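Heads up: the structure comes next, in structure tokens.
Sequence lines set the chain letters: A, B, ... in the order given, protein chains first and strands last, and positions in each chain run from 1. Values in this document were obtained by computation on a predicted structure and should not be read as measured data.
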Amino acid sequence: MSDLKKKYSVFLPRTAFPMKADLPQREPKRLERWKADRLYERIEAKRRSDNAAGTGRGRRILHDGPPYANGAIHMGHALNKILKDIVVKSLWLDGYESPYVPGWDCHGLPIEHAVEKDLGPKRREMPRSEFLAKCRAYAQKWIDAQRTGFQRLGVLGAWDQPYVTMNPIYEASVVRLFARLFESGAVTRKLKVVHWSYGARTALAEAEVEYADRTSSAVTVAFPVKDEDARKLGLPIPFYLPIWTTTPWTLPSNLAIAMHPDMEYAIVQAGDRYYAVVVPLLDDFQKKLGVALHIKEIRKGIAFQTLKYRHAWIDRESPVLLADYVTADAGTGLVHTSPDHGVDDFNLAHHLGLLELVGPDGRFTAAVNDPELEGKNVFAANPLVVARLQSIGALLHEEQLTHSYPHCWRTKTPILFRATEQWFITMDDELFHTGKSLRELGLEGVEATQWVPPQGRNRIHAMISGRPDWCISRQRAWGTPITVLRCSECGEPLVCPEIFEKAAAAIEQEGIEAWADLPLAQLTPADAKCAKCGSTAFQKETDILDVWIDSGVSGVVASATSPELRKEDYGKYIYLEGSDQHRGWFHSSLLFSLAATGEKPYNTVVTHGFVLDGKGQKMSKSLGNVITPEEIMKTLGADILRLWTASVDISEDVRISKDILERNADAYRKIRNTLRFLLGALADFDSAKDVAPEAQWSPLDRWVWSAFLNLAKEVREAYLAFDFLKATQAILSFCQLELSGRYFEIIKDRLYCDRLDSPRRRSCRTVCLALAKGMTILVAPVLSFTADEIWEHLPGAEGHVFEQRFPAGESRAEPSSWSLLWRIKEALNRSLEPMRAAKEIGTSLDTKVSISLSPELRPLLASLQETLEDLLVVSSVDILIAGGSPLAGDGFELQVDPHVGIKCPRCWNHRGGAGAGEHADLCLRCSEVVQAGVEA
RNA sequence: AGUCCCGUAGCUCAGUUGGUUAGAGCACUACACUGAUAAUGUAGGGGUCCGCAGUUCAACUCUGCGCGGGACUACCA
């Protein structure tokens with residue numbers, strides 16, 4: 001029997017496109033080819049010529065947020081870069097020029113530290129410029145590593161010409177833009193409270209602070225109120241304000257006491273004194289004093305608004321101030337305030353002046369005017385202060401408190417907060433004589449930007465409304481220098497355009513290293529004189545700029561310096577970054593660009609969540625749940641990772657795990673096999689003679705093409721709206737339902753068994769080719785490697801898949817008739833199941849179906865103009881028009897029975913027995929095909 | 001600790017202004033096919049919509065309080 005079966009040949013799918021993807025092996029080879037073909041440049045050139053010819057859609061550009069050039073790429077990088085690549089590729093396929101210029105952020109502390117760590121003690125002897133060169137080399141190493149990693153993900157872009165913040169041209173641009181910040185009136189110099197390491201004698205950035213447990217003396221101290229001041233407010237006498245602090249050494253700098261305006265304070269008698277204490281802490285206060293408290297009355301904090309008090313031992317009168325940040329967690333609800341040594345304190349009370357009693361070495365200066373304290377380290381002074389409080393009767397209580405306290409991570413000394421002079425970008429002063437402040441301009445910019453998802457708008461709006469002036473100076477080395485001079489006598493800065501330009505010119509040649517080496521004499525203007533003290537001696541400023549300025553002006557600098565970008569691109573960029581960049585790059589780009597140019601860089605900002613593990617936990621070494629792009633490249637390949645990227649809801653945090661990736665590999669196989677079937681159907685397809693004009697397409701082919709056009713519209717719109725999840729789910733579902741489940745099942749017969757030149761086979765193959773092309777294009781932004789591979793196997797495909805345009809066209813569906821057919825088919829499938837279970841049938845071709853139809857449905861089915869046996873993949877169909885009462889439910893009923901006819905050995909339907917001679921058991925169609933084959 | 005965001009099948013996601021029996025794809029199970037074959041088709045099972053309380057004729061959907069997760073800002077007198 002088996003050789004009888006073999007006797008009849010059918011036209012099976014045939015393609016060189018392999019079922020097994022082998023992505024980890026094949027992708028790198030494909031990458032090499034892309035590189036050799038200069039694929040990126042080729043696509044861009046194509047879009048440029050389209051635009052020149054008037055057939056393009058103009059320019060739409062995603063501006064890359066620069067990753068920090070430190071360390072190997074992680075999943076967060078991969079997610080971000082792949083998303084950007086999907087955007088760029090969708091724009092290409094929609095007909096835009098969309099140059100993608102990747103960037104790197106290179107200056108700053110983490111690199112400086114890494115290099116210092118490598119150098120060890122050698123760092124101290126090293127000239128600044130040499131140290132900077134080491135930092136430069138370190139950053140370059142990681143740029144190269146990351147570039148390789150990003151390219152491996154399939155990201156196309158101007159990898160040969162990235163923008164790099166440590167490029168001398170970039171550095172010089174930043175210096176020039178900084179000069180413009182001065183011109184715009186955005187820069188001021190003022191005091192700020194910073195983390196100060198007396199061990200390193202420097203201000204520390206957040207990242208340099210580490211927390212460790214420390215035991216401090218926590219004291220409760222009574223500050224007296226003058227009797228006459230107490231009387232003015234009707235307070236009992238003698239009246240004291242008790243405060244609690246863990247840093248007794250800051251008491252000489254006390255300039256105010258903060259109370260909460262709305263909290264209730266009890267006026268209590270303890271022994272022969274009266275105190276104010278916030279109500280929830282009364283018990284605590286009583287325990288500390290060890291005597292009974294008698295509550296006299298209760299007042300809100302605001303009632304103390306005008307109260308003045310005396311310092312515990314210094315001859316000084318200070319005010320009570322109201323502050324919302326006061327809590328009733330610990331202490332007394334009255335907060336010791338020294339603007340020199342606390343951020344809140346400074347913000348609340350710096351108008352009272354700063355005392356500057358503590359020097360950079362952490363010792364009290366002569367200004368303290370106290371022989372016992374002068375010259376003492378502040379932490380060593382703590383016991384002295386406590387003893388003094390004890391002796392004058394101001395100490396109500398002392399205890400040892402172990403708490404988490406900031407330490408300098410290099411010298412391990414405890415940190416103090418210290419007010420120092422720094423450079424700031426001012427948020428509320430008028431800029432450019434526009435009558436508007438940077439804050440106002442920023443908020444306008446937020447309104448004029450499209451935020452995706454829309455919640456981003458609120459988030460950044462709140463930050464810009466509330467943010468303080470931006471401190472932009474750092475006492476570090478690896479960064480853009482603040483190219484001003486300082487008076488050698490009094491430290492007053494000398495800022496002038498001439499110096500900026502000279503510095504910029506030198507830096508443009510040799511990088512920021514040039515600033516340290518630039519001779520002072522060359523820089524100093526001829527008649528320079530200190531505005532404050534009249535001195536003519538100057539030295540170069542050694543502070544550098546906050547790295548956020550570097551990256552914040554990347555849009556401005558890249559537009560001006562990248563060969564692929566133009567000045568007019570600025571202002572219309574798409575930004576796409578993790579949601580943390582609301583506070584980071586979106587924020588700095590908006591403010592610094594506005595301050596330097598008066599214009600914001602972007603008009604669309606897209607954000608995505610963070611990558612978590614399969615359980616929604618943050619990835620960390622200690623949890624052992626870290627997945628790296630590198631290992632995915634080795635095991636599954638970039639297209640699987642890309643599919644994952646396009647299958648999760650990026651507006652929230654996203655999850656990844658081996659299991660989740662495996663699901664995506666399954667989905668990938670489904671798509672790959674669907675495309676492979678189409679390619680197989682196109683074996684030996686000759687575009688010259690096998691194409692059927694659309695007017696001759698069969699109804700079924702027109703149906704599937706309409707369905708495809710609907711899909712293409714949905715997918716294109718989803719891509720352009722950054723909704724990649726929707727795009728891939730639609731594609732996947734189309735592969736599964738419309739193509740594999742419906743269309744392919746039906747066309748197998750005509751593809752395999754019709755004669756080669758049958759009109760419906762030709763129509764079908766024409767549509768298969770269109771579907772294959774179209775699907776490949778739709779999938780290309782995500783499955784770039786695979787799309788490229790398919791394109792090579794497509795008959796008559798020209799150019800590169802990324803040079804194509806999204807398929808478009810009006811869908812001409814006849815939805816009601818086809819949806820009726822699919823409902824009938826579903827019902828049929830359900831009734832087939834029990835028959836299979838009973839071993840009455842195997843395939844649906846073993847059956848005959850009677851359909852009882854409501855009369856009004858008859859024309860619908862007739863309008864399909866296809867043979868129902870073919871559409872339902874059964875051997876025969878009878879239509880019975882139901883008379884009398886209309887049929888319930890869907891308007892049809894099915895009667896399914898095993899077909900008893902002769903099975904055609906070639907096409908397996910049961911309409912056999914129509915052939916002649918030795919082919920007697922064939923069906924009519926097959927016998928004709930076989931006959932023709934014999935004759936030919 | 002504060003602010004903001006999130007919590008629907010094993011997984012990834014839909015779920016219109018509150019309104020019948022909460023959907024899709026994958027995975028799983030079974031069956032069929034062996035002419036998409038390390039494929040393919042069909043059917044089926046599976047959900048206290050994080051928990052509790054409230055508003056309502058009616059809550060996955062609105063409110064409050066928890067729990068869990070994440071981002072940001074702090075660590076504080």
Answer yes or no: does a side-chain N or O of [X] lie under 4.0 Å from OP1 or OP2 of [N]?
X: A:Tyr752; N: B:A36; answer: yes
X: A:Asn664; N: B:U12; answer: no
X: A:Arg467; N: B:U73; answer: no
X: A:Ser733; N: B:A24; answer: no

RNA chain B: A:Leu12 or A:Lys20, which has the more 5' nearest nucleotide?
->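 It is A:Leu12, whose closest nucleotide lies nearer the 5' terminus.
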Of A:Gln617 and A:Thr245, whose nearest nucleotide on RNA chain B comes first from the 5' end?
->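 Residue closer to the 5' terminus by nearest nucleotide: A:Gln617.
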Could you tell me whether A:Asp754 and A:Arg925 have a side-chain N and a carboxylate O separated by less than 4.0 Å?
->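 Yes.
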Going by an N to O cut-off under 4.0 Å, is there a salt bridge joining A:Asp684 and A:Arg14?
-> yes
I want to verify a distance call: between [options], whose nearest atom is closest to the [X] side chain?
X: A:Arg663; options: B:A27, B:U12, B:A77; value: B:A27
X: A:Met463; options: B:U42, B:U12, B:C72; value: B:C72
X: A:Val648; options: B:C13, B:A77, B:U37; value: B:C13
X: A:Phe417; options: B:A36, B:C75, B:A43; value: B:C75
X: A:Val335; options: B:A77, B:C33, B:A36; value: B:A77
X: A:Leu725; options: B:C13, B:G25, B:U42; value: B:C13
X: A:Arg669; options: B:C13, B:C72, B:A39; value: B:A39

Dump the intermediate steps for side chain to side chain donor-acceptor pair (under 3.5 Å) on A:Lys670 and A:Ser740, then the final yes or no.
-> CA-CA 9 Å; A:Lys670 180 72 219 178; A:Ser740 286; 3.1 Å; yes
Please work out if [X] contacts a base, only the sugar-phosphate, or nothing of the nucleic acid, heavy-atom cut-off 4.0 Å.
X: A:Ser740; value: base
X: A:Glu745; value: sugar-phosphate
X: A:Lys670; value: sugar-phosphate
X: A:Gly616; value: sugar-phosphate
X: A:Arg742; value: nothing
X: A:Phe744; value: base
X: A:Lys748; value: base
X: A:Asp666; value: sugar-phosphate
X: A:Gln736; value: sugar-phosphate

What is the pairing partner of B:A1, taking Watson-Crick or G-U wobble pairs with both distances under 3.5 Å in any strand?
->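 Pair assignment: B:A1 / B:U73.
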Distance, C1' atom - from B:A22 to B:C75, rounded to whole angstrom |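 Nearest-Å result for B:C75 against B:A22 at atom C1': 45 Å.
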At what distance, to the nearest 0.5 angstrom, does OG of A:Ser318 lie from NE2 of A:His311?
-> 7.5 Å
Compute the ring centroids of A:Phe223 and A:Tyr309, then answer whether they are less than 6.0 Å apart.
->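 When the ring centroids of A:Phe223 and A:Tyr309 are compared, they turn out to be within the sub-6.0 Å range.
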Between A:His910 and A:His899, what is the ring plane arrangement, given parallel below 30°, perpendicular above 60°, and tilted in between?
->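 Answer is tilted, since the angle falls between 30° and 60°.
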Measure from the ring centre of A:Phe734 to the centre of the six-membered ring in the base of B:G25, then say whether that distance is under 5.5 Å and the planes meet at under 30°.
->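 No, aromatic ring not over the base.
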